[in-house]
There are 2 protein chains.
Amino acid sequence: MSNPQELEDVTAQACCAPLSGPVLGEREAAELAGVFKALSDPVRLRLLNLIASHEGGETCVCELTGRFEVSAPTVSHHLKVLRRAGLIDGERRGTWVYYRVVRERLTRLSGLFALPASPRPEARSPSSR
Amino acid sequence: MSNPQELEDVTAQACCAPLSGPVLGEREAAELAGVFKALSDPVRLRLLNLIASHEGGETCVCELTGRFEVSAPTVSHHLKVLRRAGLIDGERRGTWVYYRVVRERLTRLSGLFALPASPRPEARSPSSR
DNA sequence: CATCTAATTTGACATCCATCTATTGATGGA
DNA sequence: TCCATCAATAGATGGATGTCAAATTAGATG
C-alpha cells in the first residue's frame with residue numbers, strides 16, 4: 001500500500017498557498033484539481049469520513065464494504081482513488097487491509113480556503129478597465 | 001446572477017462538520033461532493049483563484065476570458081458551475097458582469113479538514129471485529 | 001431602429017468516470 | 001496441498017462532463 005513504486009502520488013507538491021493568494025500556475029491548478037476530484041464523489045467522501053472518524057485512526061476495509069450501496073470492488077476502486085490523491089494510506093496486516101488518513105494532507109487543504117482580512121469593498125471601481 | 005429563481009443553490013446546507021467528525025449522511029455527502037466537483041477542474045480553480053485574489057474583491061468576466069487556453073463560452077460555463085456550487089456570485093453592471101467569491105462558503109470549507117488532536121495510536125486494535 | 005460588443009445558451013462530440021461481473025492475488029487454516 | 005476468505009484488478013458499459021462553434025440575449029451608442 002505504502003509501497004513506493006506501487007502507486008505514485010500525483011499530487012506531490014500540490015496545494016499550500018490559499019486560493020486567495022498568488023496566482024495559481026497551470027501545474028499547481030492541475031494537481032490541486034486532482035485532489036478535489038478525489039473528493040468529488042459521495043461514496044469517497046463517506047469512506048474518508050468513516051476512516052477519519054474511526055477510533056484508533058484506522059479502519060479495516062472489511063468494515064467498509066457492505067456499508068454502502070455499491071459493490072466491494074467499487075469500494076476498493078474508491079479507496080485507490082483516495083490513496084492516489086494522497087488522502088489516505090493503507091497497510092496489510094495478515095488477512096486484512098487497514099486504511100488511515102494522511103493527516104498533513106488534510107491539514108494543508110484547510111489552509112487553502114483562508115481568506116484575507118477584508119476584500120476592501122470600498123475599492124469597487126466598476127469600469128476600472 | 002444572484003437572481004433567486006434563476007439558479008438554485010444545490011448545496012444549501014452542505015458542509016459544516018469536519019470530515020473527521022460525526023458520520024456523514026448520504027445527503028450531506030452528496031451535497032459536499034457537489035462542491036468538490038466544482039473545484040475539481042484546473043480552469044475552474046484558476047478562475048476562482050483569480051477572482052478571490054483580485055483587488056477590489058471582484059473581477060470582470062472580460063478580464064477572465066482570453067486569459068485561458070479555452071474559449072469564452074467555456075469560461076462562461078465554468079463560472080456557472082462555480083456559481084451553482086455557491087462558491088462565487090455574479091452581478092451585471094452595464095455592459096459587464098462582475099464575479100466575486102462567497103466568503104462564508106470558502107471559510108466553511110476550511111473547517112472541513114480540521115482534525116482532532118490525536119488519532120490515539122495506542123488504540124490500534126487489529127482485528128477488533 | 002441598427003449595430004456593435006459582452007456574456008450566455010444551445011447542441012454536438014469526444015473523453016472520462018462510476019459501476020458491475022468475473023477473475024486474479026494473497027493469506028491462513030485444515 | 002487444497003480450500004475458504006479478503007482485497008484488488010481487468011474489462012465492459014452507461015452516463016456525466018469539458019470543449020467548441022454557432023446562435024442568442026442584454027446593454028450601450030449612434
Side-chain angles (χ1 to χ4, degrees), chain A residues 1-3 6-7 10 26 29-30 33-48 51 58-85 88-99 126-129, chain B residues 1-3 6-7 10 26 29-30 33-48 51 58-85 88-99 126-129:
Chain A
M1 296 316 172
S2 36
N3 188 327
E6 189 180 58
L7 215 53
V10 271
E26 275 188 61
V35 178
F36 287 125
K37 190 161 299 195
L39 292 169
S40 72
D41 182 274
V43 175
R44 282 199 291 271
L45 233 31
R46 288 168 66 197
L47 284 169
L48 185 61
I51 296 171
E58 65 182 11
T59 311
C60 176
V61 173
C62 58
E63 290 187 65
L64 297 174
T65 59
R67 200 154 165 177
F68 293 87
E69 48 304 331
V70 299
S71 69
T74 298
V75 168
S76 194
H77 161 72
H78 284 310
L79 289 172
K80 183 178 182 178
V81 173
L82 289 172
R83 205 165 69 229
R84 287 190 51 191
I88 62 175
D89 196 9
E91 175 195 0
R92 166 161 235 136
R93 286 206 299 280
T95 305
W96 294 280
V97 174
Y98 297 85
Y99 280 96
S127 48
S128 61
R129 176 181 171 258
Chain B
M1 298 315 174
S2 38
N3 189 328
E6 191 180 56
L7 215 53
V10 272
E26 276 187 61
V35 177
F36 287 125
K37 189 161 302 197
L39 292 170
S40 72
D41 181 274
V43 175
R44 283 199 290 271
L45 233 30
R46 289 168 66 197
L47 282 170
L48 185 60
I51 295 170
E58 64 182 10
T59 310
C60 176
V61 173
C62 57
E63 290 187 64
L64 299 174
T65 59
R67 200 153 165 177
F68 294 87
E69 49 303 332
V70 298
S71 69
T74 298
V75 168
S76 194
H77 161 71
H78 286 309
L79 289 172
K80 183 178 182 176
V81 172
L82 289 172
R83 207 166 69 228
R84 287 191 52 191
I88 61 175
D89 196 8
E91 176 195 359
R92 165 161 235 136
R93 286 206 299 280
T95 304
W96 294 282
V97 173
Y98 296 85
Y99 281 95
S127 48
S128 61
R129 173 179 177 259

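Naming convention: chains lettered A, B, ... in sequence-line order (proteins, then strands); numbering from 1 in each chain. Model, not experiment: these values are computed from the prediction.
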Item to check | Closest to the B:K80 side chain, choosing from C:dT8, C:dT9, D:dA7 | outcome: C:dT9

Item to check | Any A:Y99 side-chain heavy atom under 4.5 Å of A:L79 side chain | outcome: yes

Next on the checklist: Taking 4.0 Å as the cut-off, does a side-chain nitrogen or oxygen of B:R44 come that near to OP1 or OP2 on D:dG18?
Outcome noted: yes

Item to check | A:K37 side-chain proximity, nearest of C:dC17, D:dT19, D:dC20 | outcome: C:dC17

Checklist entry - Does a side-chain heavy-atom distance below 4.5 Å link B:R67 with B:R46? => result no

Checklist entry - Taking the six-membered ring of A:Y98 as reference, does the NZ or CZ atom of A:R93 fall below 6.0 Å from its centre and within a 45° cone about the axis? => result yes

Item to check | Candidates D:dC20, C:dT9, C:dT19 - which lies nearest the side chain of A:D41 | outcome: C:dT19

Item to check | Earlier contact from the 5' end, DNA chain C, for A:G94 and A:S40 | outcome: A:S40

Checklist entry - What is the distance from CD of B:E63 to C1' of C:dA7, rounded to the nearest Å? => result 15 Å

Checklist entry - To the nearest Å, how far apart are B:L64 CG and C:dT8 P? => result 10 Å

Checklist entry - Can you tell me how far P of C:dT27 sits from CD of A:E91, to the nearest Å? => result 13 Å

Item to check | N or O in side chain of A:Y99 less than 4.0 angstrom from D:dA8 OP1/OP2 | outcome: yes

Next on the checklist: If I take atom CZ in residue A:R93 and atom C1' in nucleotide C:dG28, what distance separates them, rounded to the nearest angstrom?
Outcome noted: 16 Å

Checklist outcome for this item: From CZ of A:F36 across to P of D:dT17 the rounded distance in Å is 17 Å

Checklist outcome for this item: Quick note, A:P73 side chain, CB onward, closest among C:dT21, C:dT19, C:dT8 is C:dT21

Checklist outcome for this item: Walking DNA chain C from its 5' end, the first of A:H77 and A:T95 to be reached, judged by nearest nucleotide, is A:H77

Item to check | Validation row: B:T74, B:V43 side chains within 4.5 angstrom (heavy atoms) | outcome: no

Next on the checklist: Heavy atoms from C-beta onward define the side chain here; which of C:dT21, C:dT9, D:dA7 lies closest to that of B:S76?
Outcome noted: C:dT9

Checklist entry - Between C:dA18 atom P and A:R84 atom CZ, what is the distance in whole Å? => result 12 Å

Checklist entry - Which listed nucleotide (D:dT19, D:dA7, D:dA26) is nearest to the side chain of B:R92? => result D:dA26

Checklist outcome for this item: Between NE2 of B:H78 and C1' of D:dT19 the distance, given in whole Å, is 8 Å

Checklist entry - Do A:V97 and A:E91 have side-chain heavy atoms sitting under 4.5 Å apart? => result no

Checklist outcome for this item: Separation of C:dT5 atom P from B:W96 atom CH2, nearest Å, is 12 Å

